[in-house]
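Down below is the structure, laid out as structure tokens.
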2 protein chains.
Amino acid sequence: MQGYDKYAFEPFAVTVDLAVFTVRAGRLHVLLVERGQEPYAGQWALPGGFVLPDESAETAAGRELAEETGLADSTGSVGLHLEQLRTYSEPDRDPRMRVVSVAFAALVPDPPAVHAGSDAARAEWLPYGTPGPLAFDHDRILADAHDRVCAKFEYTGLATAFCPPEFTLGELRQVYETVWAAELDPANFRRKVLGTTGFVEAIPGAARLTGGRGKPAALYRAGPATSLHPPLLRPTTVSPEGKPS
Amino acid sequence: MQGYDKYAFEPFAVTVDLAVFTVRAGRLHVLLVERGQEPYAGQWALPGGFVLPDESAETAAGRELAEETGLADSTGSVGLHLEQLRTYSEPDRDPRMRVVSVAFAALVPDPPAVHAGSDAARAEWLPYGTPGPLAFDHDRILADAHDRVCAKFEYTGLATAFCPPEFTLGELRQVYETVWAAELDPANFRRKVLGTTGFVEAIPGAARLTGGRGKPAALYRAGPATSLHPPLLRPTTVSPEGKPS
DNA sequence: CCATTTATGGTCAGTGCGACTATAAAGGTG
DNA sequence: CACCTTTATAGTCGCACTGACCATAAATGG
């Protein structure tokens with residue numbers, strides 16, 4: 001940042017790409033758009049767009065998220081999470097020109113009707129992992145976003161961002177199981193969550209049937225805690241050399 | 001990323017900023033450069049520079065790190081760590097023009113002679129926290145980098161990046177104590193580190209005096225483990241509401 | 001020789017967690 | 001209705017890890 005040599009740089013386009021996750025019907029879904037033009041015409045891609053001259057990347061990401069999903073503003077409302085992931089800047093990641101993309105991961109509670117933005121061809125929720133190769137380096141971005149979300153589930157109360165305002169512990173557990181692709185013991189999960197102050201707050205007297213079967217479950221709200229101490233570790237699939245997956 | 005409207009964006013300058021840490025004389029130090037021109041002339045700033053047209057941000061960061069410190073290439077050599085932090089893109093973060101900066105955190109083992117790059121005014125190692133306000137939003141970047149490093153010390157073997165190729169457990173513990181600004185019980189630290197497979201490897205028969213006093217300590221090398229399971233948690237300064245610092 | 005310093009080894013109690021069992025409360029089915 | 005299935009909830013047991021210690025070993029400096 002020393003010495004602004006006007007000839008030392010060429011113009012870069014700066015964009016945002018969004019990995020928007022939700023849990024629907026016990027499966028992790030991602031919001032994808034179908035590309036209408038070359039390159040990668042007809043392939044699925046992450047939603048995104050240019051950062052406008054008077055915007056930060058965060059503002060642009062919130063705007064794009066609202067455009068694509070019709071959801072309220074980025075960080076304000078309850079049960080919505082938008083977080084910067086990292087920046088992808090390989091010189092050849094877009095064959096047309098130099099594009100530097102700031103990637104974001106977003107978690108939304110339930111798939112509202114997808115509101116196709118003006119410039120978005122078609123946006124759809126697709127199960128994570130099912131669509132073939134995505135356009136550009138979006139497979140990598142999506143995988144990185146998934147890794148980040150999995151990791152943050154361990155030491156933050158982020159999972160409640162996937163849940164409606166009121167939820168049962170069974171629903172919260174299913175969110176964990178869906179994202180981690182692992183099974184959790186209901187009793188132990190309950191003990192852990194309730195033992196972590198600020199994770200969830202009980203709604204006195206409220207109860208609801210979850211799957212139409214079984215005993216009705218008590219309802220909870222997301223608590224104020226942002227970090228979990230101690231963390232809620234995912235089951236360790238032990239690998240031989242001290243480097244569990 | 002739908003529809004490339006050539007008029008929808010203005011050129012952005014893309015730069016990298018580096019928060020380069022080291023531990024020297026039991027204190028955490030940061031590599032800073034003194035700005036020679038406005039704005040913020042005379043103030044300290046993080047080293048950095050433009051991303052060149054054929055570079056990724058990672059390549060640019062490695063190049064800048066090499067230029068400023070004279071150290072070998074970015075990710076290759078032992079005991080060197082370079083990691084993307086996040087991107088800062090507030091529209092007014094540079095008063096002259098629109099600059100989007102990809103920030104990196106770097107850890108280097110010992111302060112080699114600072115090799116002032118051609119464009120860098122003067123680079124110096126300064127104790128973390130001592131210099132007044134940095135230029136631009138570099139205070140925030142530096143604080144974010146420090147947070148990241150502190151957190152990564154818990155669940156990765158990153159601390160060995162601050163150590164020379166061969167080190168004693170006392171030296172490694174001092175690295176933790178310096179970065180975390182906390183005291184650790186030597187015996188418990190030892191038990192934890194040696195009990196984590198792949199964290200460090202003993203060098204049979206080797207021993208060295210650390211501070212000139214006391215019993216000579218056995219020497220160790222950095223192990224192959226990248227992640228620590230279970231993590232080496234820093235002492236919890238308990239705060240009342242489930243959200244320890 | 002002795003005090004000091006650092007390294008290293010060990011004990012002990014408390015905490016958290018995985019595995020498991022038991023009970024409660026709903027619906028479904030004969 | 002009796003009984004099974006399903007889900008929620010409560011509790012128990014043993015293991016692993018950790019923090020707080022205590023003890024010993026091996027160096028230096030008076």
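Each chain gets a letter, A, B and so on, in the order its sequence line appears, and its residues count up from 1.
- If you measure from atom CG of A:L228 to atom P of C:dC17, you get 10 Å, rounded to the nearest angstrom.
- With rounding to whole Å, B:R208 atom CZ is found 15 Å from C:dT6 atom P.
- The minimum heavy-atom distance between A:S56 and B:E90, with the atom names listed, is CB-OE2, 3.7 Å.
- Within the 6.0 Å centre-distance limit, the rings of B:Y128 and B:H146 are counted as a close aromatic pair.
- Between the C1' atom of C:dT6 and the CZ atom of B:F167 lies a distance of 18 Å, rounded to the nearest Å.
- There is no side-chain donor-acceptor pair under 3.5 Å between A:Y88 and A:D17.
- Between B:D185 and B:P230, the residue whose closest nucleotide on DNA chain D is further toward the 5' end is B:P230.
- The shortest distance between the side-chain N/O atoms of B:K192 and the OP1/OP2 oxygens of D:dT18 is below 4.0 Å.
- B:F189 places its CZ atom 12 Å from the P atom of D:dG19, with the value rounded to the nearest Å.
- Classification of A:R208 and A:E171 as a salt-bridged pair holds, one side-chain N sitting under 4.0 Å from a carboxylate O.
- Nearest nucleotide to the B:R191 side chain, out of C:dC20, D:dT18, C:dA26: D:dT18.
- Between B:F189 and B:Y176, the two ring planes are perpendicular [angle over 60°; tilted spans 30° to 60°].
- A salt bridge links B:E58 with A:R86: the distance from a Lys NZ or Arg NE/NH1/NH2 to an Asp or Glu carboxylate oxygen falls below 4.0 Å.
- In terms of position along DNA chain D, the nucleotide closest to B:L232 lies nearer the 5' end than the nucleotide closest to the other residue of the pair B:L209 and B:L232.
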Detail all sub-3.5 Å separations between protein N/O atoms and N/O atoms belonging to nucleotides 3-8 of chain D.
| residue | atom | partner | partner atom | Å |
| --- | --- | --- | --- | --- |
| D:dT7 | O2 | A:K215 | N | 3.3 |
| D:dA8 | OP2 | A:R173 | NH2 | 3.2 |

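- Atom CG in B:L233 sits about 17 Å away from atom P in C:dT15, given to the nearest Å.
- Computed from coordinates, the B:L194 CG to C:dA7 P distance equals 13 Å when rounded to whole Å.
- The distance between atom CG of B:N188 and atom C1' of D:dA23, rounded to the nearest whole Å, is 14 Å.
- With hydrogens and angles ignored, the 3.5 Å screen pairs no side-chain donor or acceptor of A:W180 with any backbone N or O of A:R234.
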